[in-house]
Amino acid sequence: MLKGSAIAGAVVTAPVAARAMQQQLVQRLVVYDSRIAESRAFASAQTGFPAIDIGDAHETLWRSIRDVAHHGRVDGLTGWSDWVAVRGALQGKGLRLVAEQRAAAPLSGHAHLFRWSMIAR
């Protein structure tokens with residue numbers, strides 16, 4: 001009976017460990033706007049992750065966001081209107097909003113700066 005309990009415990013523990021491992025391997029993408037000093041600083045602090053600069057998004061018709069591969073997590077610091085456009089595009093790719101807050105912009109004086117995060121559903 002004890003052997004059966006040990007095997008059952010191992011069977012339950014294995015999927016939990018695998019799920020924890022997958023969560024550690026989740027890819028992260030950073031979205032920023034090079035036209036805003038605070039956003040550039042945010043991106044430079046996120047070392048080791050791929051980043052998309054939406055500073056030229058209006059000229060490229062948002063191609064960088066539309067063509068992005070599915071990521072586990074996307075974090076950004078952008079202006080409000082750009083955030084609305086990025087959020088819509090990422091929701092269409094299956095991501096959902098998990099955090100959104102206003103961010104101070106003492107360097108640029110930008111009035112509507114937002115720090116946000118989305119994850120895969």
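Please read all numbers here as calculations on a predicted model, not as lab measurements.
- No chain of hydrophobic side-chain contacts below 4.5 Å, direct or via other Ile, Leu, Val, Met, Phe, Trp or Tyr residues, connects V30 to V86.
- Listed by first and then second residue, the side-chain hydrogen bond (donor to acceptor under 3.5 Å, both in side chains) pairs involving residues 85-98 are R87-E100 (not counting sequence neighbours).
- I54 approaches R35 most closely through the heavy-atom pair O-NH2, 3.9 Å.
- The nearest pair of heavy atoms linking M118 to L95 is CE-O, 3.7 Å.
- Closest approach of Y32 to A51, counting heavy atoms only: CE2-CB, 3.9 Å.
- Among all heavy-atom pairs drawn from D33 and G55, the shortest one is OD1-CA, 3.5 Å.
- G79 and I36 make their closest contact through N-CD1, 4.1 Å (heavy atoms, listed as atom of the first residue, atom of the second, distance).
- Closest heavy-atom contact between L97 and S117: CD1-O, 3.5 Å.
- The distance from the CG atom of L107 to the CZ atom of R40 is 9.0 Å, given to the nearest 0.5 Å.
- When each of D82, V74, D53 is tested with V31 by the rule side chain to side chain contact (heavy atoms under 4.5 Å, CB included), just one qualifies, namely V74.
- Within the 3.5 Å criterion, the main-chain N or O of L77 finds a donor-acceptor partner in the side chain of S39.
- Taking CG of D56 as the start and OG of S34 as the end, the distance is 7.5 Å to the nearest 0.5 Å.
- Looking at D75 and R115, a side-chain N of the basic residue comes within less than 4.0 Å of a carboxylate O on the acidic one, giving a salt bridge.
- At a threshold of 4.5 Å between side-chain heavy atoms, the hydrophobic network of Ile, Leu, Val, Met, Phe, Trp and Tyr places V84 and L90 in one connected group.
- Each ring-ring contact (aromatic ring centres under 6.0 Å, His included) pair with one or both residues in residues 89-121, not counting sequence neighbours, appears once here: W80-F114, W83-W116.
- Cluster membership for V68 and W62, using ILVMFWY side-chain heavy atoms within less than 4.5 angstrom, is shared.
- With rounding to the nearest 0.5 Å, the separation of CD in E38 from OG1 in T78 is 12.5 Å.
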